[in-house]
Amino acid sequence: MRRRRADTFAALLAAALVAAAFPLRAAADPPASSPGGKWLRYPLPGAEVKSLVSEPRTPGLFFAGTALGGVYRSTDGGRSWSSPPGGAPFPGYSVTSLVTDPQRPGTVWAGLTGVVRGGLLVRSDDGARSWAVVRRWEDRSEARVVAVAVLRGRKVVAVGGDTGLEVSEDGGVTWRSSQPPLDPGSGLSFLAFHPLKPGVLYTGSYRHPFRSTDLGRSWKRIAGGMVEDTQVFHLDFSPTDPDDIWAATCGWVYRTTDGAATWKRFKDGLADRRTQVVVRDPRNASRVLAGTTGGLFESQDEGRTFHRISREATVVNGLLFDPSSPAVLLVATEAEGILRSEDGGLTLVESNAGLSEARVPAVAVTASGTVVVARAADGGSGGLWTLDPATGEATRLASSPVATVRALLASGEGLLAGTPDGLLLARAPGQPFGRVLDVPILGLASGAGRLFAATNAGAFESRDGGGSWARVGTLRTRVDAVLWSRAPGTRTEALAVRSSGRILWWNGRDFGLEALRGSGRPLTGGFGRPRASAYRPPEPIGVDVEADKGRLLYRAADGGPDIALTLPERGLFVAGWAGDPRSAEGLYLATIGRGLFRFVPAPPGGVSPGGELSAPAR
């Protein structure tokens with residue numbers, strides 16, 4: 001089940017990359033206009049939190065790093081979060097490691113891993129309000145993990161990633177290479193100085209942990225008792241016994257009580273073996289918490305038995321007890337943002353106020369104006385929500401598909417939801433869904449009174465509002481997108497699809513590369529594959545994002561003039577849209593990581609609204 005959710009989000013990313021690979025021309029006649037108006041942002045709460053750290057010298061101060069390059073700050077024990085103005089400080093990077101400086105309160109070190117490639121080591125000296133780059137790697141992710149210590153008055157910084165480590169003994173000015181005896185193809189997934197032995201450096205790799213007692217000049221593999229392919233994600237050191245260490249691994253959890261000479265595995269009750277973090281309760285050393293890709297587990301008998309204390313759908317990336325209030329536990333999750341507990345994890349609630357990187361893959365607006373958004377998240381954050389445009393208040397619908405919603409389309413008051421499990425139809429938002437097409441859905445579109453679906457097995461259409469569906473043409477391969485589009489250089493509208501890296505047009509008989517006004521020779525497919533011809537790019541009706549230009553084009557289906565709008569932010573990952581920028585209700589953009597945006601045109605002779613509307617944390 002976890003793999004399917006990961007594959008689903010990967011499909012959302014792939015769909016956007018496919019769209020980016022085909023820049024689409026703007027219509028030359030008539031020219032696009034740029035109406036006055038304002039963008040509003042509805043920063044729906046939530047994020048994929050990759051790292052979490054406290055500032056132990058300042059009660060209640062925490063920092064959280066996200067998969068979209070955001071670093072958030074909490075001053076109230078994790079109840080609410082804030083970020084610097086202007087969005088994520090490191091777009092294109094994931095904040096995989098955060099460490100507070102042991103010498104200077106307010107100084108934070110962060111390790112960043114490039115989404116495509118590369119890595120950064122950065123430092124903030126003002127509590128994550130601004131950042132300076134300390135070290136940069138263009139082609140390798142060498143700052144996945146970071147550790148900082150003070151030894152005999154010297155600031156020692158270590159960073160690790162794809163190929164090994166680098167160590168600085170002068171606070172990051174100069175560096176030297178350090179190479180544990182990693183297995184071929186292995187990299188580093190954990191790095192820390194022992195809190196009771198600050199000169200001893202521990203690292204976890206894709207296969208086994210290692211230890212260095214000379215600041216990385218030499219290393220020893222410390223894997224006695226571990227199975228051969230054990231990846232180590234996290235080590236938890238006893239605050240009183242330097243030889244007592246827990247390890248979270250890809251194969252449950254291990255413990256050593258003899259300084260890593262031998263390890264013993266514990267797995268009874270851990271229903272999900274991939275354990276990404278393990279911590280002991282500071283109030284009770286016999287109580288151990290294990291965060292897995294299948295929920296949060298508790299042991300009250302030093303690991304001999306575990307039981308789940310969270311939703312199974314919760315993917316745990318990090319666990320952190322509040323050093324000033326040890327009953328408070330913060331849980332970093334894959335898609336639910338931060339979960340907070342005031343009883344050591346027994347009761348968990350979302351604590352995402354201000355943590356606004358929700359994945360919104362789709363939005364739809366019904367005929368009566370109800371705005372529905374899909375949130376790609378686990379647990380209570382996911383599913384379908386209605387949004388009050390005036391206040392930003394978001395309310396979860398009583399009925400949502402079980403699978404992640406990839407696409408939404410309104411049909412009158414009805415609502416179509418495209419998912420990996422098929423196409424579902426509800427007669428109105430909140431009413432139960434029924435399956436109307438039993439094939440994985442990749443996209444939805446409408447045009448000329450018809451509805452269209454892109455699937456893993458071709459294109460389908462409905463002529464009755466979504467109640468019944470029929471295949472379009474002979475194409476039976478994967479269709480990444482359906483586009484109701486203008487034929488190039490004309491005002492004629494027709495169906496186009498993206499499939500196998502090409503744009504294909506419906507010519508009345510089947511799909512082919514030639515648009516309607518092409519050579520005039522009818523094209524027919526053979527064995528489900530259209531015949532090749534001259535390529536003509538489409539001009540989609542509705543929203544066409546030109547990310548490289550920082551703008552979008554809106555082409556109206558009623559023959560009105562094209563409209564050009566500057567995107568509200570650079571680098572937006574636009575996944576879906578609904579509405580019309582010419583109407584008073586405006587145009588909505590669903591984005592991955594920045595919530596929902598709405599363009600509201602300026603009323604004649606009036607003043608446009610502006611600003612950001614925050615939905616309450618849920």
Side-chain angles (χ1 to χ4, degrees), residues 50-51 53 65 90 92-99 101 109-123 133-151 154-195 197-224 226-235 237 245 247-251 254 260 263 276-277:
K50 291 296 189 182
S51 50
V53 70
F90 305 107
Y93 290 88
S94 177
V95 184
T96 49
S97 182
L98 285 172
V99 181
D101 193 288
W109 298 76
L112 311 176
T113 299
V115 174
V116 178
R117 66 177 184 272
L120 291 174
L121 174 67
V122 299
R123 186 187 69 237
V133 175
V134 178
R135 191 88 166 84
R136 183 189 300 271
W137 298 263
E138 296 294 344
D139 299 316
R140 307 188 314 276
S141 299
E142 298 295 359
R144 185 174 293 111
V145 288
V146 181
V148 183
V150 176
L151 302 177
R154 295 176 301 157
K155 178 83 56 70
V156 180
V157 184
V159 296
D162 284 349
T163 62
L165 290 94
E166 293 187 21
V167 178
S168 171
E169 297 184 49
D170 53 14
V173 178
T174 61
W175 296 84
R176 58 178 169 82
S177 177
S178 174
Q179 293 294 328
L182 300 175
D183 294 334
S186 183
L188 300 184
S189 48
F190 176 80
L191 187 62
F193 288 95
H194 196 301
K197 299 178 179 179
V200 180
L201 188 59
Y202 285 78
T203 187
S205 77
Y206 301 168
R207 182 173 289 185
H208 295 157
F210 298 85
R211 179 177 61 208
S212 174
T213 58
D214 55 8
L215 296 183
R217 292 178 174 84
S218 63
W219 291 88
K220 179 181 180 182
R221 188 185 297 263
I222 48 171
M226 289 187 173
V227 299
E228 194 63 28
D229 63 345
T230 299
Q231 179 174 0
V232 177
F233 298 111
H234 181 255
L235 297 177
F237 302 95
I245 307 170
T249 78
C250 64
Y254 289 82
W263 296 87
Q276 304 196 122
V277 58

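For the numbers below, each heavy atom of this structure counts, side chains included, while hydrogens, waters and symmetry mates do not. Model, not experiment: these values are computed from the prediction.
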If you apply the rule side-chain contact (heavy atoms from CB on, under 4.5 Å), what do you find for Val156 with Val167, and how did you get there? CA-CA 7 Å; Val156 180; Val167 178; 4.1 Å; yes

If you measure from the Lys or Arg side-chain nitrogens to the Asp or Glu carboxylate oxygens, is any gap between Glu142 and Arg135 under 4.0 Å? no

Charged N-O contact under 4.0 Å between Asp183 and Arg221: yes

Roughly how far apart are His234 NE2 and Leu191 CG, rounded to 0.5 Å? 12.0 Å

Could you check whether Thr230 and Thr249, counting side-chain N and O atoms only, form a donor-acceptor pair closer than 3.5 Å? no

Side chain to side chain, Tyr202 and Pro209, heavy atoms closer than 4.5 Å: no

Rounded distance (nearest 0.5 Å) linking atom CZ of Arg211 with atom CD1 of Ile245: 7.5 Å

Would a distance-only check, ignoring hydrogens and angles, find a side-chain to backbone donor-acceptor pair under 3.5 Å from His208 to Ile222? no

Minimal non-hydrogen separation, Ser97 against Val146, with atom names: OG-N, 3.2 Å

Pairwise distance CG(Leu120) to OH(Tyr93) - rounded to 0.5 angstrom: 4.0 Å

Locate the shortest heavy-atom distance separating Pro198 from Pro195; write the atom from each residue and the value. CD-O, 4.4 Å

Please walk me through it: do Leu151 and Leu215 pass side-chain contact (heavy atoms from CB on, under 4.5 Å)? CA-CA 10 Å; Leu151 302 177; Leu215 296 183; 3.5 Å; yes

Taking the side chain as every heavy atom from C-beta outward, state whether Leu121 and Trp175 have any atom pair closer than 4.5 Å. yes

On the 0 to 90° scale, with breaks at 30° and 60°, tag the Phe237-Phe190 ring pair as parallel, tilted or perpendicular. tilted

With rounding to the nearest 0.5 angstrom, report the CG to CH2 distance, Leu112 to Trp137. 9.5 Å

Does Thr96 reach the main-chain N or O of Gly111 with its side chain, forming a donor-acceptor pair under 3.5 Å? yes

So, applying side chain to side chain contact (heavy atoms under 4.5 Å, CB included) with Arg207, which one of Asp229, Val232, Leu182 is it? Asp229

Looking at Ala192 and Ala147, what are the two nearest heavy atoms and their distance? CA-CB, 3.8 Å

Here the pair of heavy atoms bringing Val157 nearest to Gly172 is CG2-N, 4.4 Å

For side-chain contact (heavy atoms from CB on, under 4.5 Å), just list the numbers for Leu201 and Leu165, CA-CA rounded to whole Å, side-chain angles, deciding distance to a tenth of an Å, and then say yes or no. CA-CA 11 Å; Leu201 188 59; Leu165 290 94; 4.2 Å; yes

So among Arg144, Arg117, Arg140, which one has a salt bridge (charged side-chain N to carboxylate O under 4.0 Å, His left out) with Asp162? Arg144

Where Val53 and Val99 come nearest, the two heavy atoms and their spacing: CG2-CA, 4.3 Å

Point-to-point distance, once rounded to the nearest 0.5 Å, from CZ of Phe193 to OG of Ser212: 9.0 Å

Mind running side-chain contact (heavy atoms from CB on, under 4.5 Å) on Val227 and Trp263 for me, showing each step along the way? CA-CA 10 Å; Val227 299; Trp263 296 87; over 6 Å; no

Looking at Asp101 and Arg123, does any basic side-chain N land under 4.0 Å from a carboxylate oxygen? no

Do the side chains of Val159 and Trp109 get nearer than 4.5 Å, heavy atoms only? no

Can a donor-acceptor pair be found, under 3.5 Å and without considering hydrogens, that links the side chain of Ser178 to the backbone of Arg217? no

Distance col, row Arg176:CZ vs Glu169:CD, nearest 0.5 angstrom, shows 4.5 Å

Tell me the closest heavy-atom pair linking Trp219 and Thr203, and the distance in Å. CZ3-CG2, 3.6 Å

